[in-house]
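What follows is a set of notes on a single structure, which appears directly below.
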Amino acid sequence: MASSPPVITRFAPSPTGHLHVGGARTALFCWAFAKRHGGHFLLRIEDTDAARSSDESAKGIMEDLAWLGIHWDEGPELKTKDAVVGGDPRKVGPFFQARRLEIYNAHIMRLVEQGKAYPAFEDEATLAAEKKAAEQAKRNYRYSRASLEKVPDIKDRIRIIERGEPHVIRFFSPHEEVAFTDEVLGDVKIAPGEIDDFIIRRRDGFPMYNFAVVVDDHAMGITHVMRAQEHLSNTPRQLALYRAFGFAPPSFGHMPLIFNMDGTKMSKRDKAKTARKALKDALAKEKKQAADVAPAMKVDAKELADFIAAENDSLAVAEAIARHYKVALPEIEVADFRDAGYTPQAINNFLALLGWNPGMKLPDGKDLEKFDTAFLAQHFSIDRIGKTNSKFDRAKLLSFNADALGAMSDEQFAQQWFAWCEDNEPALAAKARQWDAASPASGQRWLWLAKAIKPRAKTFRDGVKACGFVLLDSVTIAPEVAAKHLDADSSQGRGLLREYRQRLALLPAFEPKPIHDVIEQLAKDKGFANPGPIAQAVRVAVAGVPVTPGIGETLAVLGRDEAFRRMDAASA
RNA sequence: GGCCCCUUCGUCUAGCCUGGUCCAGGACACAUCCCUUUCACGGAUGCGACGCGGGUUCGAAUCCCGCAGGGGUCACCA
């Protein structure tokens, strides 16, 4: 181990949006591999497409990674609550590609001087026409090298570049066979001539992906490149570049892709699709036009009409529709899952299992599939990455999340749930504050509530749904519900409710256990087999619905005054 | 279409390299039952897969070949 070179892995997202779950998995594996080998995990921002990149996205991605606990040893710095992530201990930065232009240009000139790259002058329209012609003739398109022949002399080429005549730089592909052993897929071979003279620097002076990656991976000493399989076909091009530079290439590993359950690509557009369908259905049902509902949604009518016509996939519009019609948009990005009340632990665990498996058994013979990032840092291995694409099964993630919540202590859950509520359910957080201004997340009543909710919640948001009775200003009881649980003629319903309330009034401490004991005792005194009839009447009285956590917790959380107020109102 | 990659329950997968212990194991989902004051939690049971066809072998999910199917990629995006 000591003799082998240090492992440096990297995650190199392009900052064009939030961190996608697929990206998160890539980052997690790169991180785990580096940790497993005592190396460094580096973060590089690939923002060479100025039109699509944004600093906000870069920041968002960094925050998402940090939230997941995937901390980079090298890369842009990000201040989190408890630490600063990133840094440049080996002085290989900057880590934003847009700030590395001089480096790329120097490398470009090096290739040009050696005749391994050359300027080309065709405009995009010309190229597009050539491509179209090739397609129609059922030929594979290859760049003609017309510009290469036009300026055969290297010195002339350099002169042209230095003069700043409009041009792109193309790589002079040697048309050799490229073969490599992919750490995941095994041997991959590409025939000579498959790689044509691809563009390595654009007209605007920015490098193209394949070129910048090679220059940076080499400059930053990356030893292992792990990325999604969609990059597999880029690898031969990059290898050709390594060869042209005389750089030793890193080893490559390409991971299988993640799809939706229906086999489609997981993309942000899924949100627009879902929203569009919901809107169309609603409009059809209400017999309305887009223009009728646009004002209520605070959306421009024209934009909304376009959205319906699928002429745009505006996220803002999709979110407005979701708010208006209370439909849930599918979670695609890490931030979506965070907001929906998932924990980083569950996400990491689930994502790791999508394509990787520790291959270990529990003592009872079952597969080991619950683990944390510390486990990954210790046991992750590239050779246990699968080769097959997988589908993102939300139901299983949900189950993992439920387990992650369940594995927390009541106090932990109370604390984290409160923190989540502060960002996502202010009304409930406010309630906790009202109960205990000094320590809302660990106040007695919040703790009671949290304990009651924990087994009933698969996500933090679920938990909020399960305690609707807490936020109620006044209880409304649907007639059918009242008929079933309160008006029951069999000397039950309201009569039992009143009796129970009377006994409760005698209680010195209004807490879950004694409240529970009283209902048990009353049931016994009544000769009931179980407290069901009483409990249901109480539930309906205080919550309006026959479903709540245990009666003891429910009433205790409400507090004596509020509980009695509601019971009295219902039994009148 | 060219090139490249992949193929075990509905889904994630173990097993495959080092053929027999696999009439294929686990998890999620689903179903039934138990527990139970409702809803959950929990427990038990069940349902359910080696893509197809050849070959090698005493024996193949495991090795070889072919086919079929799926995916990725073919940008002055990354």
Side-chain angles (χ1 to χ4, degrees), chain A residues 12-16 46-49 51-53 120 122-124 127-128 131 135 138-141 167-170 182 184-186 188-191 194-196 198-204 206 208-210 212-213 228-236 254 256-257 259 261 263 265 350 353-362 364-370 383 386-400 402 406 452-458 462 466 485 516 519-520 523 528-540 543 545-551 554:
Chain A
S14 101
T16 55
E46 311 222 323
D47 55 351
T48 53
D49 185 351
R52 290 202 255 184
S53 300
E122 295 81 1
D123 60 22
E124 293 183 64
L127 259 18
K131 263 175 221 175
E135 196 178 320
K138 290 187 176 169
R139 261 185 6 250
N140 281 318
Y141 172 75
H167 68 277
V168 300
I169 300 291
R170 282 182 183 270
D182 189 279
V184 174
L185 267 11
V188 178
K189 206 173 288 168
I190 283 82
E194 281 300 320
I195 303 166
D196 81 344
F198 58 94
I199 295 172
I200 57 179
R201 189 174 73 187
R202 299 188 286 197
R203 195 165 297 252
D204 65 8
F206 278 70
M208 290 291 285
Y209 166 73
N210 281 122
V213 168
Q229 244 175 58
E230 64 201 33
H231 286 291
L232 183 60
S233 58
N234 283 321
T235 309
H254 290 89
L257 271 14
F259 294 94
M261 285 302 276
K265 244 183 180 174
F350 176 74
L353 243 19
L354 236 43
W356 184 81
N357 186 292
M360 296 179 193
K361 299 280 185 196
L362 262 7
D364 61 4
K366 296 185 174 186
D367 291 357
L368 173 78
E369 66 168 13
K370 291 296 172 64
D383 57 319
K387 299 181 179 185
T388 62
N389 294 338
S390 47
K391 293 179 179 171
F392 193 90
D393 186 356
R394 287 186 162 70
K396 184 151 180 166
L397 203 214
L398 197 58
S399 165
F400 270 46
I453 290 305
K454 192 168 70 137
R456 291 170 171 79
K458 290 186 193 296
D462 254 5
H485 299 286
H516 173 260
I519 204 169
E520 289 281 356
F528 294 162
N530 61 50
I534 316 167
Q536 289 310 86
V538 175
R539 281 204 163 83
V540 167
V545 291
V547 177
T548 76
I551 290 298
T554 303

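Order of the sequence lines fixes the chain letters, A, B, ..., with proteins taken first and strands second; residue numbering starts at 1 for each chain.
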Inset, instruction - Please confirm whether the backbone N or O of Glu369(A) pairs with a side-chain atom of Asp367(A), one donor and one acceptor, at under 3.5 Å? - result: no
Inset, instruction - Measure the distance from CZ on Arg139(A) to C1' on G2(B) and round it to the nearest whole Å. - result: 13 Å
Legend entry - Pair partner, C28(B) [Watson-Crick or wobble, under 3.5 Å]: G10(B)
Legend entry - Contact check, side chains of Val188(A) and Thr235(A), non-hydrogen atoms, under 4.5 Å: no
Inset, instruction - Measure the shortest side-chain to side-chain distance between Lys265(A) and Leu257(A) over non-hydrogen atoms and say whether it is less than 4.5 angstrom. - result: no
Inset, instruction - Measure from NZ on Lys454(A) to C1' on A40(B) and round the result to the nearest Å. - result: 13 Å
Inset, instruction - Heavy atoms only: give me the nearest Leu353(A)-Pro358(A) pair and the separation to one decimal. - result: CD1-CD, 4.2 Å
Legend entry - Polar side chain donor-acceptor pair, Arg539(A) to Thr548(A), under 3.5 angstrom: yes
Legend entry - Whole angstrom value for the distance that separates P of U38(B) from CD1 of Ile551(A): 11 Å
Inset, instruction - To the nearest Å, give me how far apart CH2 (Trp356(A)) and P (C12(B)) are. - result: 18 Å
Legend entry - Nearest-Å distance once atom C1' is located in both U32(B) and G69(B): 36 Å
Legend entry - Between P of C3(B) and CG of Leu185(A), the distance in whole Å: 18 Å
Inset, instruction - State the pairing partner of U62(B); accept Watson-Crick or G-U wobble contacts with both distances under 3.5 Å, and report none otherwise. - result: none
Inset, instruction - Between A24(B) and U8(B), how far apart are the C1' atoms? Round to whole Å, please. - result: 8 Å
Legend entry - B/S/- contact track for nucleotides 20-33 of chain B, protein heavy atom under 4.0 Å: -----BBBB-----
Inset, instruction - Mind calculating the distance between NZ (Lys138(A)) and P (C3(B)) to the nearest angstrom? - result: 15 Å
Inset, instruction - Nearest whole angstrom, please: distance from the C1' of U11(B) to the CZ of Phe392(A). - result: 12 Å
Inset, instruction - May I have the distance from Leu398(A) (atom CG) to A40(B) (atom C1'), rounded to whole angstrom? - result: 13 Å
Inset, instruction - Select base, sugar-phosphate, or nothing to describe what Pro549(A) touches, counting heavy atoms under 4.0 Å on all strands. - result: base
Legend entry - Residue closer to the 5' end of RNA chain B, Gly186(A) versus Pro546(A) (nearest nucleotide): Gly186(A)
Legend entry - Between C64(B) and C16(B) - C1' atom distance, rounded Å: 14 Å
Inset, instruction - Taking salt bridge (charged side-chain N to carboxylate O under 4.0 Å, His left out) as the test, write out the residues that go with Lys370(A), two or more places apart. - result: Asp403(A)
Inset, instruction - Pick the C1' atom in G20(B) and in C3(B), then give their distance to the nearest Å. - result: 40 Å
Legend entry - C1'-based separation of C65(B) from U21(B) [nearest Å]: 29 Å
Legend entry - G-U wobble or Watson-Crick pairing nucleotide for G42(B) (cut-off 3.5 Å, both distances): C34(B)
Legend entry - Side chains of Ser53(A) and Thr48(A) in contact at under 4.5 Å (non-hydrogen atoms): no
Inset, instruction - Pick the P atom in G10(B) and in C30(B), then give their distance to the nearest Å. - result: 16 Å
Legend entry - C9(B) versus A14(B) - spacing of their P atoms, nearest Å: 12 Å
Legend entry - Atom C1', compared across C52(B) and C58(B): separation rounded to whole Å: 25 Å
Legend entry - Atom of Lys391(A), atom of Met261(A) and distance for their closest heavy-atom approach: CD-O, 3.5 Å
Inset, instruction - For C64(B), measure the glycosidic angle (O4'-C1'-N9-C4 for a purine, O4'-C1'-N1-C2 for a pyrimidine) and name it syn if it falls within 90° of 0, otherwise anti. - result: anti
Legend entry - Side chain to side chain, Val184(A) and His254(A), heavy atoms closer than 4.5 Å: no
Legend entry - Sub-4.5 Å side-chain heavy-atom contact between Phe198(A) and Arg170(A): no
Legend entry - Identity of whatever pairs with C3(B) - Watson-Crick or G-U, under 3.5 angstrom: G72(B)
Inset, instruction - Flag the pair Glu194(A) / Asn140(A) as yes when at least one side-chain heavy-atom distance between them is below 4.5 Å, and no otherwise. - result: no
Inset, instruction - May I ask you to say what Gly355(A) touches in the nucleic acid, namely base, sugar-phosphate or nothing, with a heavy-atom cut-off under 4.0 Å? - result: sugar-phosphate
Legend entry - Pair partner, C67(B) [Watson-Crick or wobble, under 3.5 Å]: G51(B)
Inset, instruction - Could you encode protein contacts along nucleotides 65-78 of chain B as a string, one character per nucleotide from 5' to 3', using B for base contact, S for sugar-phosphate-only contact and - for no contact, with a heavy-atom cut-off of under 4.0 Å? - result: ------SSS-BBBB
